Protein chains: 2
Amino acid sequence: MTETRVPVPTLERLAIYLRVLLDAHESGIQTLSSQEMEQHSGISAAQFRKDLSYFGEFGKPGVGYSVQGLIACIERILRLDEEQPILLVGAGNIGSALVGYPNFRAHRLRIAAVFDNNFVKIGRPFGDLIIEDIARIREVNAQIGARLGIIAVPAHAAQEVADALVDAGVTGILNFAPTILRTPPHVHVRNVSFLQELAVLSYHAVEDALCVNGQARRGGDDGV
Amino acid sequence: MTETRVPVPTLERLAIYLRVLLDAHESGIQTLSSQEMEQHSGISAAQFRKDLSYFGEFGKPGVGYSVQGLIACIERILRLDEEQPILLVGAGNIGSALVGYPNFRAHRLRIAAVFDNNFVKIGRPFGDLIIEDIARIREVNAQIGARLGIIAVPAHAAQEVADALVDAGVTGILNFAPTILRTPPHVHVRNVSFLQELAVLSYHAVEDALCVNGQARRGGDDGV
DNA sequence: GCGAGATTGTGAACAAGTTCACAAACGCGC
DNA sequence: GCGCGTTTGTGAACTTGTTCACAATCTCGC
Ligand SMILES: NC(=O)c1ccc[n+]([C@@H]2O[C@H](COP(=O)([O-])OP(=O)(O)OC[C@H]3O[C@@H](n4cnc5c(N)ncnc54)[C@H](O)[C@@H]3O)[C@@H](O)[C@H]2O)c1
Ligand SMILES: NC(=O)c1ccc[n+]([C@@H]2O[C@H](COP(=O)([O-])OP(=O)(O)OC[C@H]3O[C@@H](n4cnc5c(N)ncnc54)[C@H](O)[C@@H]3O)[C@@H](O)[C@H]2O)c1
């Protein structure tokens, strides 16, 4: 385990492993080999072991990994070992789905406050919370101390909301709006784009249809 | 342009380019250089050109790319040049956000039918649609001919829904449920996991906080 | 305690994707 | 038409991430 920078794909998979482990724990399974992890996660056993090797040694040769122990380790790595408060901005469709989502709890992620700028909405209940004025975000987060924020506002408002989140002390942003956000270097942004996902599927769906129905046809495109 | 298999990251970026181009078109811009694309998309000019090179030559040296022309080309590549019907399964929170989402239109993606198995919901209106019985999915898609499906049901029901979608002729699935789906090889699946995204952010958010506040502290973890 | 069988952790080989750098292509002004 | 500044398209170099393969480690039964 030579301490290098951890690849992002590894972090993404860590969350998948964690889900599998929680399921296994639920089912009363005590121990899991990398082989079994491959079965359940679809990620190769070698990849699983390599991923963990960035952080230390968690398994026992000949046995596998303690489910409970590994859960604790991965949670610690991902800082999910203690509750992570989150600021949600945008009390619309997406925001609505998120506040009601029960699975966050299992990962100790909690939406701690919701903000909007529509003063018809401000003051109204939203899930367990009351919608707050976006103007008060700094002040509110002085209490909460959240490092994570979610942007669920229309694209044209996303940048100013990002600025407000950063100003309020957030260093990680999950962005649902279809825009590129400009943020200081210490702030991490991850974009969620359903359109992008569907576009990729669209390409493949038809591509494969051609290969299945017609004869497997490759190249042939003149390109001009 | 040697005809090779197109990398998935390239396809993902194609959707981003398309969005930038549509914005530019909206603003009346006629021509765009790869340099300008970098400005707007955050993706390097070289990457942009390399991505396009998988599909042909679309620009003019010394000038750049015709915005309108490139929009048409990328739409054709992503099969977004004619309407793509989509089957949505699960008329819950996520489903609700999706049916009401206006941006799909701009990409010629249309949710053509919604299915659920809760017979309190079946028959009710949902956006512009009426919720259909999941049992009728094959029959309904015989009319529609959709190749794309979205799974927005609880995790425990996701696999059977996936099977139903495949049976109905779908070859691309966007999956919101936190499970690994088992599908035939010709079916492409993309998973959307907010938890995963947040977990990655959680790692970085705190990691960076340490580097900013405390002294840049690396290693030191005993790992056992 | 010791051999058999299982499984880990990891360097080394490999694959995939990104960046570089430059020749070829273009438009424009003269 | 011709040189000049601009920008493309792309092989080659580089970087990053994945897979392989095997020595080292552990358990268990006897
Ligand atoms: N609905 C979907 O299925 C879907 C899918 C993909 C992406 N998105 C994107 O997610 C974002 C949110 O989508 P939605 O459907 O929830 O939108 P929505 O219109 O339902 O909600 C947006 C909310 O943001 C609030 N808002 C606007 N400007 C604000 C500001 N400056 N500060 C604070 N709040 C502000 C509005 O008052 C509204 O309550 C959009 O960018 C959309 O493109 C939505
Ligand atoms: N809500 C969120 O913010 C969120 C976030 C991330 C992931 N997800 C995931 O997305 C999925 C949907 O979430 P949601 O909040 O919309 O759930 P939901 O409970 O609001 O809706 C689920 C819908 O699926 C229907 N359904 C259940 N079994 C079915 C079956 N066999 N066939 C057809 N329909 C069936 C239910 O009747 C219900 O209408 C879940 O897997 C959830 O884990 C949700």
Side-chain angles (χ1 to χ4, degrees), chain A residues 1-17 20-21 24 29-67 69-70 73-74 77 200 221-224, chain B residues 1-17 20-21 24 29-67 69-70 73-74 77 200 203 219 221-224:
Chain A
M1 166 210 175
T2 39
E3 188 81 28
T4 1
R5 182 139 255 83
V6 180
V8 171
T10 290
L11 294 171
E12 294 176 353
R13 287 188 295 266
L14 241 39
I16 297 179
Y17 303 145
V20 171
L21 288 164
I29 295 169
Q30 304 275 333
T31 262
L32 209 74
S33 70
S34 59
Q35 198 57 242
E36 291 169 301
M37 178 54 84
E38 172 166 344
Q39 224 85 72
H40 289 83
S41 70
I43 295 161
S44 82
Q47 183 74 77
F48 173 66
R49 296 201 301 275
K50 173 69 82 176
D51 283 340
L52 291 181
S53 78
Y54 287 107
F55 303 98
E57 312 198 350
F58 305 104
K60 281 189 191 171
V63 183
Y65 300 82
S66 149
V67 170
L70 194 52
C73 290
I74 295 184
I77 291 166
V200 175
D221 191 10
D222 55 6
V224 189
Chain B
M1 168 211 172
T2 39
E3 187 83 27
T4 0
R5 183 140 253 84
V6 180
V8 172
T10 290
L11 294 171
E12 294 177 352
R13 287 189 295 265
L14 241 39
I16 297 177
Y17 303 145
V20 171
L21 289 164
I29 296 169
Q30 305 275 333
T31 261
L32 209 73
S33 70
S34 60
Q35 198 57 242
E36 291 169 302
M37 179 53 85
E38 173 167 343
Q39 224 85 74
H40 290 83
S41 70
I43 295 161
S44 82
Q47 183 74 76
F48 174 66
R49 296 201 302 275
K50 172 70 80 174
D51 283 339
L52 290 181
S53 78
Y54 287 106
F55 304 98
E57 314 196 350
F58 305 103
K60 282 190 189 171
V63 183
Y65 301 82
S66 149
V67 170
L70 193 52
C73 290
I74 295 184
I77 291 166
V200 175
Y203 172 86
D221 192 9
D222 55 7
V224 188

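Predicted model only: the values in this text are computed from it and were never measured. All values below come from the heavy atoms of this structure, side chains included, with hydrogens, waters and symmetry mates left out.
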Which atom names give the shortest non-hydrogen contact between A:Glu36 and A:Thr31, and what distance separates them?
-> OE1-O, 4.1 Å
Which atoms form the tightest heavy-atom contact between B:Leu14 and B:Leu52, and what is the distance?
-> CD1-CD2, 4.4 Å
Atom pair distance, as rounded to whole Å: [atom1] in [X] and [atom2] in [N]:
X       : N      : atom1 : atom2 : result
B:Glu38 : D:dT8  : CD    : C1'   : 15 Å
A:Glu12 : D:dT18 : CD    : P     : 9 Å
A:Gln35 : C:dT8  : CD    : P     : 8 Å
A:Phe48 : C:dT10 : CZ    : P     : 14 Å
B:Phe55 : D:dT10 : CZ    : C1'   : 16 Å
A:Ile43 : D:dG17 : CD1   : P     : 15 Å

Check the interface with nucleotides 12-20 of chain C: list each N/O to N/O pair with the protein under 3.5 Å, or write none.
residue : atom : partner : partner atom : Å
C:dT18  : OP1  : B:Arg13 : NH1          : 2.9
C:dT18  : OP2  : B:Arg13 : NH2          : 2.9
C:dT18  : O5'  : B:Gln47 : OE1          : 3.2
C:dT19  : OP2  : B:Gln47 : OE1          : 3.4

Heavy-atom check, side chain of B:Ile77 versus side chain of B:Tyr54, under 4.5 Å |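 The answer is no, as the side chains (C-beta and beyond) never meet within the 4.5 Å cut-off.
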B:Val6 vs B:Phe55 side-chain heavy atoms within contact, under 4.5 Å =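 Yes, their side chains come closer than 4.5 Å.
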What's the closest nucleotide to the B:Glu57 side chain, out of C:dT8, D:dT10, D:dT8?
->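 From the listed options, D:dT10 comes nearest.
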Counting side-chain heavy atoms from C-beta on, which of C:dG27, C:dA25, D:dT10 comes nearest to B:Lys60?
-> C:dG27
Using a cut-off of strictly less than 4.0 Å, decide whether A:Ser34 has a side-chain nitrogen or oxygen near OP1 or OP2 of C:dT7.
-> no
Please check the phosphate of C:dG9 (OP1 and OP2 only) for any side-chain N or O of A:Tyr65 closer than 4.0 Å.
->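 Yes.
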With side-chain contact (heavy atoms from CB on, under 4.5 Å) as the test, would you mind laying out the steps for B:Tyr17 and B:Leu32 before giving the verdict?
-> CA-CA 11 Å; B:Tyr17 303 145; B:Leu32 209 73; over 6 Å; no
Identify which one of A:Gln47, A:Arg49, A:Lys50 satisfies the side-chain hydrogen bond (donor to acceptor under 3.5 Å, both in side chains) criterion when paired with A:Ser34.
->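 Of the listed options, the one satisfying the test is A:Arg49.
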